[in-house]
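Read the structure below first, then the notes.
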Number of protein chains: 2
Amino acid sequence: MAAQHRQQATPAGHRTPPVHTDPRDVPLEAALVALGDPVRRSLVRELARAGEWERSCGSFDVPVTKTTLSRHFAVLREAGLLEQRDAGAKRLNRLRRTEFDARFPGLLDLVVNEDEGG
Amino acid sequence: MAAQHRQQATPAGHRTPPVHTDPRDVPLEAALVALGDPVRRSLVRELARAGEWERSCGSFDVPVTKTTLSRHFAVLREAGLLEQRDAGAKRLNRLRRTEFDARFPGLLDLVVNEDEGG
DNA sequence: CCGAGTGTTCGTTCGACATCGAACACATTA
DNA sequence: TAATGTGTTCGATGTCGAACGAACACTCGG
């Protein structure tokens with residue numbers, strides 16, 4: 001045993017690693033509520049345009065503070081909409097396209113294809 | 001002209017006839033928020049099982065008072081999810097299946113096929 | 001080691017909405 | 001006409017969630 005060396009601790013201000021929810025375990029209500037918020041839909045859309053693991057949390061153009069942004073990401077994660085991976089100080093994101101699509105066919109498409117500007 | 005006989009006035013405690021919103025004019029946000037509520041989804045599901053114009057507002061089995069129920073119906077109407085028609089003292093309902101489906105493909109199916117009991 | 005950068009947690013505030021009871025409006029029936 | 005049934009509007013209440021600032025934890029570059 002003797003001082004096992006902290007195997008892969010928890011990076012970047014994240015005492016705890018990101019907790020994921022499998023889309024298959026997500027109730028419809030959680031999905032609808034998560035996507036009911038305009039900021040979160042904006043995040044999802046931007047994420048859909050980008051490649052996987054390309055964007056970090058802070059790289060999104062939304063009119064909210066860090067605190068609120070962090071909360072939104074947590075909600076999306078719990079709704080099975082995205083997966084997160086720590087890379088150094090940053091936390092990278094990936095939209096769970098196919099998995100979420102399998103669980104709620106058509107739903108994600110509606111959001112992604114939503115008209116952006118007013 | 002002379003005393004035109006009130007052509008089809010406004011029945012049943014409804015001073016004003018029901019105001020409808022065409023599904024094509026409904027923003028995605030309104031649809032998601034409307035369907036985010038469990039009571040409203042329950043109404044939609046029950047309505048999907050029944051035939052058109054078969055059920056009146058009061059005939060639904062939901063754990064809320066008349067007041068709240070009336071409000072929920074208004075929200076569903078504004079979200080383009082249902083059409084209402086006055087018949088005597090009652091107000092009958094019809095799910096706008098095909099129209100809503102055309103505007104938001106797949107969305108209504110998710111709700112209708114949702115598992116009912118916990 | 002010290003700063004700057006990234007993201008979370010804590011505690012609070014605020015607005016939106018689901019809910020209710022009471023009062024009202026209209027229809028139907030006795 | 002009175003009584004009942006159906007559905008809405010009004011005003012008040014309670015709860016939930018979005019938003020924020022400040023403090024904290026961790027990484028990385030000087």
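Letters A, B, ... are given to chains in the order of the sequence lines, protein chains preceding strands, and every chain is numbered from 1.
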Choose from [options] the nucleotide whose nearest atom is closest to any side-chain atom of [X].
X       : options               : answer
B:Cys57 : D:dG7, D:dG5, C:dC20  : D:dG7
B:Arg71 : C:dT19, D:dG7, D:dA19 : C:dT19
B:Thr67 : C:dT19, C:dG21, D:dT8 : C:dG21
B:Thr65 : C:dG5, C:dT9, C:dG21  : C:dG21
B:Ser70 : D:dT9, C:dT8, C:dA27  : D:dT9
A:Gln84 : D:dC20, C:dC20, C:dT8 : C:dT8
B:Thr68 : C:dC20, D:dA19, C:dG7 : C:dC20
B:Asp37 : D:dA19, C:dA18, C:dT6 : C:dA18
A:Thr16 : D:dT6, C:dT9, D:dT8   : C:dT9

Checklist entry - Of B:Lys66 and B:His72, whose nearest nucleotide on DNA chain C comes first from the 5' end? => result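 That would be B:His72.
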
Item to check | Connected via hydrophobic side-chain network under 4.5 Å: A:Leu108 and B:Val111 | outcome: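 Yes, because A:Leu108 and B:Val111 connect within a single hydrophobic cluster, where side-chain heavy atoms sit under 4.5 Å apart.
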
So, [X] and [Y], do they make that salt bridge, N to O below 4.0 Å?
X       : Y       : value
A:Arg71 : A:Asp37 : no
B:Arg94 : B:Glu99 : yes
A:Glu29 : B:Arg41 : yes

Can you tell me how far [atom2] of [N] sits from [atom1] of [X], to the nearest Å?
X       : N      : atom1 : atom2 : result
A:Arg77 : C:dT8  : CZ    : P     : 7 Å
B:Lys90 : D:dG7  : NZ    : C1'   : 12 Å
B:Arg85 : C:dA27 : CZ    : P     : 16 Å
A:Leu69 : D:dA18 : CG    : P     : 13 Å
A:Phe60 : C:dT6  : CZ    : C1'   : 14 Å
A:Leu76 : C:dT8  : CG    : P     : 12 Å
A:Glu78 : D:dG17 : CD    : C1'   : 13 Å
B:Phe73 : D:dG7  : CZ    : P     : 8 Å

Donor-acceptor contact below 3.5 Å, side chain [X] vs main chain [Y]:
X       : Y        : answer
B:His20 : B:Glu78  : no
A:Arg96 : A:Phe100 : no
A:Arg40 : A:Ala34  : yes

Checklist entry - Considering only heavy atoms from C-beta outward, does the side chain of A:Leu110 approach that of B:Pro105 to under 4.5 Å? => result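 They are in contact (side-chain heavy atoms under 4.5 Å apart), so the answer is yes.
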
Checklist entry - Does the side chain of B:Arg40 get closer than 4.0 angstrom to OP1 or OP2 of C:dA18 through an N or O atom? => result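 For C:dA18, OP1 or OP2 has a side-chain N or O of B:Arg40 closer than 4.0 Å.
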
Item to check | Short side-chain N/O contact to D:dC26 OP1/OP2 from A:Arg91, under 4.0 Å | outcome: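 No, because none of the side-chain N or O atoms of A:Arg91 sits under 4.0 Å from OP1 or OP2 of D:dC26.
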
Checklist entry - How bent is the helix from C:dC1-D:dG30 to C:dA30-D:dT1, comparing axes over its five end pairs at each side, to the nearest 10°? => result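 Taking the rotation axis at each end, their angle is 10°.
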
